There are 2 protein chains.
Amino acid sequence: MKKILLISLIMSLNVMAESDQFNPAFLQQLKVLRDQALDSQLAYEITESLTTEVGARLAGSPGDAKAVAWAQAKFKELGFDRVMTEPVPLKRWTRGQETARILSPFPHNLAITALGRTHPTPDEGITAEVVHFATLADLQAADKSEVAGKITFISERMVRSQDGSGYGKAVAGRGLTAQVTAAKGGVAAIIRSIGTDNNRTPHTGGARYDKDIPSVPAGAISNPDADLLVNMLKRNKPVTLQLKLTSHWDGDYTSQNVIGDMLGSEKPDEYIVIGCHLDSWDLGTGALDDAAGCGITMAAAKLIHDTIGPLKRTIRVVLWANEEYGISGAIAYHEAHKNELKQHILGGESDLGADKIYALGTRVAESALPTVDTMMSLLKPLDIEYAGNQGSSGADLIPMRRAGMAVFGLKQDASSYFDYHHTANDTLDKINPESMAQNVAAWIVVTALAAEADHDFGFGLSEE
Amino acid sequence: MKKILLISLIMSLNVMAESDQFNPAFLQQLKVLRDQALDSQLAYEITESLTTEVGARLAGSPGDAKAVAWAQAKFKELGFDRVMTEPVPLKRWTRGQETARILSPFPHNLAITALGRTHPTPDEGITAEVVHFATLADLQAADKSEVAGKITFISERMVRSQDGSGYGKAVAGRGLTAQVTAAKGGVAAIIRSIGTDNNRTPHTGGARYDKDIPSVPAGAISNPDADLLVNMLKRNKPVTLQLKLTSHWDGDYTSQNVIGDMLGSEKPDEYIVIGCHLDSWDLGTGALDDAAGCGITMAAAKLIHDTIGPLKRTIRVVLWANEEYGISGAIAYHEAHKNELKQHILGGESDLGADKIYALGTRVAESALPTVDTMMSLLKPLDIEYAGNQGSSGADLIPMRRAGMAVFGLKQDASSYFDYHHTANDTLDKINPESMAQNVAAWIVVTALAAEADHDFGFGLSEE
Ligand SMILES: [Zn+2]
Ligand SMILES: [Zn+2]
Ligand SMILES: [Zn+2]
Ligand SMILES: [Zn+2]
């Protein structure tokens, strides 16, 4: 009975929230647009354009400059009111040759890819015996004598889940193994790919890097290759591996954040910041990671603008540079805009593929929660639940969120995302246009309500 | 009503067939073994052994000789009564470098693999404009002026089905495109991989080869790359491709068919021939194609021998050499045994992966159909239906079948087989041990009943 009363109370609050905060005609327009967006192909078309006309775009590579040019042209073509680039300095890391071959007891070629920012092997490679650890913790606990002179191998497998939480658990190995191995006198490190698939397409990704901390060459082998290696090691004969990973640091480079603004009619200097990262790893065409996020957020801003017209605040779509190995674009933007951070009213980034959104999380002031209720009343028909006010957002919003900006996260079903993430398999065919359109509808709801709200969403919120 | 009578009649015929042809104690033993086989890991263990300790084993490669040594040792370890090798001469084809890069309008690296037995490009590659055809028939119908000087591209996609029939439909393009392209003055040929997946793991496979017919270098690009190329071509700008496929013919080589016999107690010179092909393509570890077939048939013979003991006829397990680019082992065996073909009473090959068997097809004399009924009565509990007496078997039985040998086929569910077939993704993890055990149970039933039957299965049967 109490529950029913509470639900009734919440429902009437929702109705009040709608009627109090927003013009009913605007809310009606927004609902119509939300439903129209479910039939829109625009996000998919933008994603197809970026992956086909640019493709792989590792920060500092020729694809990086092509992507920046593409983004400027695309924002203009879509009719954004203001298109800008802002310089992003970065240290360039370049992939080289990458091969791994078991020499004995049973010769095999393994599918391997270097981890971003790791040291190169000599051109002739490194040949050494493999020492196997089930987890990073086991490697950390190992005696130096077990590791010295060896190639370490961590075989922990990432667990599949809707919220992608298996990634956070397994990815520590990717980040730290090169440094931990070096500290114990190992000569190189390999890990089982941080991924949920069974394809011979290894998963790259950044390793921690600090020029003052010793490190070794490090790569990820595909899940089937990790299975093979585990099975071979079970035979209790020494396994000798030859590893060539000739990546290298390649000097300074200046990339660009590319920004498209749909200007606000009343408060053009207040921003609802949405977007994606423009860079990708170099193995696939970066379709899920993160052309999809660009398609979704650019389409959301464009559809709001064309269908409802300018809202009170500016909708700013930022295509961030070099998220993958340094969140360089996020750092540069934060630095460049540090005197106007409070004009960044609410921020979100789409960076977990294109499958259906199942929840909204927020980190906003209590005073803004009635508007979150309104968002939820419009998101519920899209099968989206509220995930509470302890939410986070994408990696590119970390610097501004830490500085106090309010954020939201539209959580996508990540069940299959880590089958493809950071692999050669991250290509357009992995995107379901219908699921992607549901994303656009949800981003339209949150973005438009934030841009039209009469209040801010708080600043200086506590960190989790 | 008529239907019910017919079913009753068939059922009583089945019972009669059982009681007439075979000793009831033997049939009881066979049923128990069939059910025990569902819990056996032996086939999986054999497959794990071949894929781990040998791995890729392209005919003529170092893996070929390793596989032959492995097979002899494994037959002996399993207690086969007689282990033999028979020489198989072949012309060796060796894969080289394989890269494909779109140079304009939008640079991309494509995942490509050379088709077996095709011509090499020069070391510096071939650079030419791409001309697109939806199907092989469209290429065949094209005017020479459309093709001359160009790289042809066939984009037809294989359709997924339980019986794998989409393969036969699409594979003609793989076989013929190099010759058809050459005849029209094209400089190279690429096809969409003959596969049902969306992975960046292109599917190799043999192309037709005749030293007197002009041909060109030819490769298959992965499905996602084919999608990309199709999307790029839709933009109606010339697409320029640089292709390097430096495969080559590499002289004469002698491989071996490896034969394991479980000798018959009454008619040791009459053979029930089962088996698999021992060679594989070089991209994966040849787990589904065809280590699985070796595991299934070796385990079936071993379990019959160990549990029931010797049957009347010899069970001969042949691990065929070089099925993939020439059925060389099949040709050599047929030649070597042509004076004793009639002693080959019934033959079958397991060569379509390891998923569940759903049907038995036969091509036997009418007089042997009562024994087929008995087979079916023991296969039905495994969810296996009868597919009629117009059946076929694996590629390695083609020469003997054409010469008149009776054959059977235990049809596996091939729905996912062509996701992995002939790719780097053909690895052990694609095998479900439970489905594989069902295969072993079915092979035990058919093999044991054929070996124990008092009659033959016919010879000189009409070809389809
Ligand atoms: Zn990302
Ligand atoms: Zn990423
Ligand atoms: Zn095969
Ligand atoms: Zn094959």
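Reminder, nothing fancy here: chain letters follow the sequence lines and each chain counts from 1. What you see below is based on every heavy atom in this structure, not just the backbone, and it leaves out hydrogens, waters and symmetry mates. All of these numbers come straight from a predicted model, not from anything done at the bench.
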Legend entry - Shortest non-hydrogen separation from B:Pro224 to A:Lys430 and the atoms involved: CG-NZ, 4.1 Å
Inset, instruction - Looking only at non-hydrogen atoms, find the nearest pair between A:His108 and B:Thr52 and report the distance. - result: NE2-O, 2.8 Å
Legend entry - Most contacts with chain A, counted as non-hydrogen pairs under 4.5 angstrom, among B:Leu229, B:Asp225, B:Thr201, B:Thr51: B:Thr51
Legend entry - Which portion of A:Leu283 sits near chain B, non-hydrogen atoms under 4.5 angstrom: backbone
Inset, instruction - Please look at A:Pro105 and chain B and tell me whether the side chain, the backbone, both or neither of the residue comes under 4.5 angstrom of a heavy atom of that chain. - result: neither
Legend entry - Other residues, nucleotides, ligands: >12 heavy atoms within 6.0 Å of A:Glu129 CD: yes
Legend entry - Approximate separation, where rounding is to 0.5 Å, of A:Glu53 CD and B:Asn231 CG: 10.0 Å
Legend entry - Residues that B:Pro62 engages under side-chain contact (heavy atoms from CB on, under 4.5 Å), provided they are two or more places apart: B:Lys66
Inset, instruction - Give a yes or no on whether the backbone of B:Ala424 and the side-chain of A:Arg200 come within a donor-acceptor separation of less than 3.5 Å. - result: yes
Legend entry - Sub-4.5 Å side-chain heavy-atom contact between A:Thr427 and B:Asp227: no
Inset, instruction - With sequence neighbours left out, write down each residue that passes side-chain contact (heavy atoms from CB on, under 4.5 Å) with A:Asp419, or none if nothing qualifies. - result: A:Arg160, A:Thr196, A:Asp197, A:Ser416
Legend entry - Atom pair CG/CG of A:Asp429 and B:Asn223 - distance to nearest 0.5 Å: 8.0 Å
